[in-house]
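As the structure lists them, so they are numbered: ligands from 1, and atoms in each ligand from 1.
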Amino acid sequence: MKALKLLLSLLALTALTSVAAQTVPPAFAGGKQPTVALVRQLCTGDFFSQWLNGAQTEAKAIGMKLVTYCANGDDAKMASDMQIAITQKVDAIIIDHGRDATMAPVVDKATKAGIKVVTFDLTTTDPAVVQIAQNDFLIGLDVTMKMLSDLNGTGEIGLVYVGGFDPLDKRKAVFDAVRKFYPNVKLDGTWGTVSSNTVGEVESQTSAALLAHPDIKAILAPYDAFALGAMNAVSRQGKDVQVYGCDISTADIQAMIAAGSHWVATAATNPANIGRVAVRASASLIAGGIAVNRLEDVVSTVRLYDLVGLGAAPSAALGLELRDVKSVRRLVDGARVVVIEGLVANVADSERAVPTLRARLIGSDGANISEWTFDTEQKRLPPGGTTRFETTAKNPPREGRLSIEFVVPAAS
Ligand code: SR1
């Protein structure tokens with residue numbers, strides 16, 4: 001973990017923003033703006049737009065021209081987009097997803113033409129390529145273990161999966177490895193689609209799966225578009241099925257914290273950060289800087305805990321984390337009270353305003369019993385800073401759960 005952090009910091013240090021003031025590499029000298037082609041396999045959905053945002057912001061900050069291509073899932077188009085970028089003699093190409101079978105020949109062509117290549121979520125064998133990923137093994141493990149532990153090791157489950165996508169294959173590999181140690185967890189079915197309408201298609205497939213397997217208790221849907229589709233199907237049928245997803249965005253948070261939401265846990269990194277790292281890697285390669293071959297972002301898991309009384313809301317998108325959240329039940333003047341306390345930490349690299357927190361008591365039917373808001377001791381936090389909160393609920397129900405979440409502004 002430490003080594004990875006070091007690699008990431010080294011990469012950050014070699015970024016042109018910090019180098020520029022001292023020695024400007026020839027590729028950037030005299031106001032030259034290298035051109036980077038971003039060749040994308042998929043472009044719809046929050047994950048990919050946040051990723052693109054990060055890449056664009058970083059390219060602007062460094063002073064590079066970013067030319068974007070989108071294949072909309074068409075592998076042949078992706079290879080031909082690569083070919084166009086090679087013909088245009090760009091300085092670097094960043095490949096976002098894709099399949100090795102179609103990309104390997106054009107990656108080879110690009111590197112032979114002296115073009116620097118960075119991949120995200122695409123494993124290649126070419127040692128000249130810098131490969132970036134989110135550590136999907138950890139992401140897969142985290143969300144799989146959460147589901148298995150919630151099931152107490154017993155129950156029928158479904159899996160949303162489509163093969164041929166690096167991150168999904170890695171998450172599934174972990175699921176397969178772990179599952180064999182849980183013989184009382186029965187996988188009733190695997191379904192899934194990746195398309196320009198992933199959410200809608202997964203919703204229909206999940207509806208059919210739930211009708212065919214009415215005893216499914218949990219669905220592992222390790223991509224936010226899968227989780228949204230699965231969640232919609234569960235809600236429509238009014239079933240008591242929990243959805244375990246991956247990724248996070250403001251819209252995902254809204255979906256997770258909506259009253260009665262069935263999406264109970266997610267594991268994620270910040271996609272904008274990965275986009276920035278990919279652009280920095282390409283800049284460093286152009287400048288003749290780094291020779292790191294693989295970078296795996298350290299996973300930061302965000303969960304909605306389904307505890308005996310306490311929950312924590314996702315917060316990675318805010319750069320804030322809920323920590324050490326505890327609840328203590330007491331009798332005060334004959335009344336049952338539960339005192340909830342914890343910390344909010346700023347895990348971003350700049351100052352953050354701490355939003356108001358909301359506590360919700362949720363009944364076993366998923367409906368809100370009551371909710372209230374409260375504030376932390378400090379309202380602004382420097383990077384790495386923490387602040388305390390404490391709030392009390394009187395006469396909480398014995399059944400159901402309590403969720404603590406940030407009051408996040410509605411997605412625009
Ligand atoms: C179709 S692959 C989708 C996944 O790619 C990225 O790694 C995201 O995490 C998303 O879950």
Side-chain angles (χ1 to χ4, degrees), residues 38-55 70-75 78 94-100 102-103 118-124 131-144 159-175 190-202 205 219-231 243-253 255-256 263 265-278 294-303 314 316-317:
L38 173 55
V39 175
R40 295 174 299 155
Q41 181 187 33
L42 303 166
C43 327
T44 48
D46 283 340
F47 180 90
F48 294 102
S49 56
Q50 289 183 80
W51 197 99
L52 178 63
N53 245 319
C70 175
N72 276 320
D74 178 342
D75 290 344
M78 202 177 174
I94 300 172
I95 304 171
D96 179 357
H97 287 68
R99 291 172 206 262
D100 190 43
T102 36
M103 297 313 281
V118 174
T119 63
F120 166 57
D121 273 355
L122 172 66
T123 305
T124 68
Q131 302 179 45
I132 296 172
Q134 299 177 85
N135 208 333
D136 293 287
F137 297 114
L138 280 184
I139 288 181
L141 181 64
D142 224 341
V143 75
T144 298
L159 171 70
V160 188
Y161 168 70
V162 176
F165 296 94
D166 246 34
L168 304 186
D169 289 346
K170 289 174 179 171
R171 294 168 195 170
K172 174 156 186 300
V174 171
F175 166 75
T190 301
W191 59 92
T193 302
V194 173
S195 70
S196 53
N197 180 26
T198 302
V199 177
E201 293 193 42
V202 168
Q205 293 171 326
I219 298 173
L220 182 64
Y223 164 23
D224 65 350
F226 289 171
L228 288 165
M231 187 188 86
V243 174
Y244 296 80
C246 291
D247 303 317
I248 195 137
S249 70
T250 307
D252 293 340
I253 293 171
M256 283 184 264
W263 184 354
T266 196
T269 74
N270 179 348
N273 198 37
I274 315 281
R276 285 196 293 268
V277 169
R294 292 192 65 84
L295 289 167
E296 305 254 347
D297 197 353
V298 181
V299 60
S300 71
T301 308
V302 179
R303 293 170 179 149

Report the nearest protein non-hydrogen atom to [atom]: residue, atom name, distance rounded to 0.1 Å.
{"atom": "atom 5 (O) of ligand 1", "answer": "H97 NE2, 2.8 Å"}
{"atom": "atom 7 (O) of ligand 1", "answer": "D121 OD2, 2.5 Å"}
{"atom": "atom 9 (O) of ligand 1", "answer": "D247 OD1, 2.6 Å"}

task = Return the orientation label for the F47 and H97 ring planes: parallel under 30°, perpendicular over 60°, tilted otherwise.
result = perpendicular
message = Once side-chain hydrogen bond (donor to acceptor under 3.5 Å, both in side chains) is applied, do any residues pair with T190, and if so which ones, sequence neighbours excluded?
response =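 By the side-chain hydrogen bond (donor to acceptor under 3.5 Å, both in side chains) rule, T190 matches no residue at all.
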inquiry  = If the condition is side-chain hydrogen bond (donor to acceptor under 3.5 Å, both in side chains), which residues does D169 pass it with, not counting sequence neighbours?
reply    = Y161
task = Within a distance under 4.0 Å of any heavy atom of P167, pick out the atoms of ligand 1 and give their elements.
result = 2 (S), 4 (C), 5 (O), 7 (O)
key: Contacting atoms of ligand 1, where contact means under 4.0 angstrom from a heavy atom of R171   =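 Going through ligand 1 atom by atom, the ones under 4.0 Å from R171 are 7 (O), 8 (C), 9 (O), 10 (C), 11 (O).
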task = Could you tell me whether a side-chain N or O of D247 sits under 3.5 Å from a main-chain N or O of D224, the two making a donor and an acceptor?
result = yes
request  = Please answer whether the main-chain N or O of G200 pairs with a side-chain N or O of N197 as donor and acceptor at a distance below 3.5 Å.
outcome  =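 Side chain of N197 to backbone of G200, a donor-acceptor pair under 3.5 Å: yes, one is there.
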query = Would you say Q134 has any N or O atom under 3.5 Å from an N or O of ligand 1, going by distance alone?
reply =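 Yes; the residue has a nitrogen or oxygen that sits under 3.5 Å from a nitrogen or oxygen of the ligand.
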L42 touching ligand 1 at heavy-atom level, < 4.0 angstrom = yes
ask   = Going by distance alone, is a donor N or O of one side chain under 3.5 Å from an acceptor N or O of the other, for D96 and Q41?
value = no
key: Mode of Y223 contact toward ligand 1 - side chain, backbone, both, neither (heavy atoms, under 4.0 Å)   = both
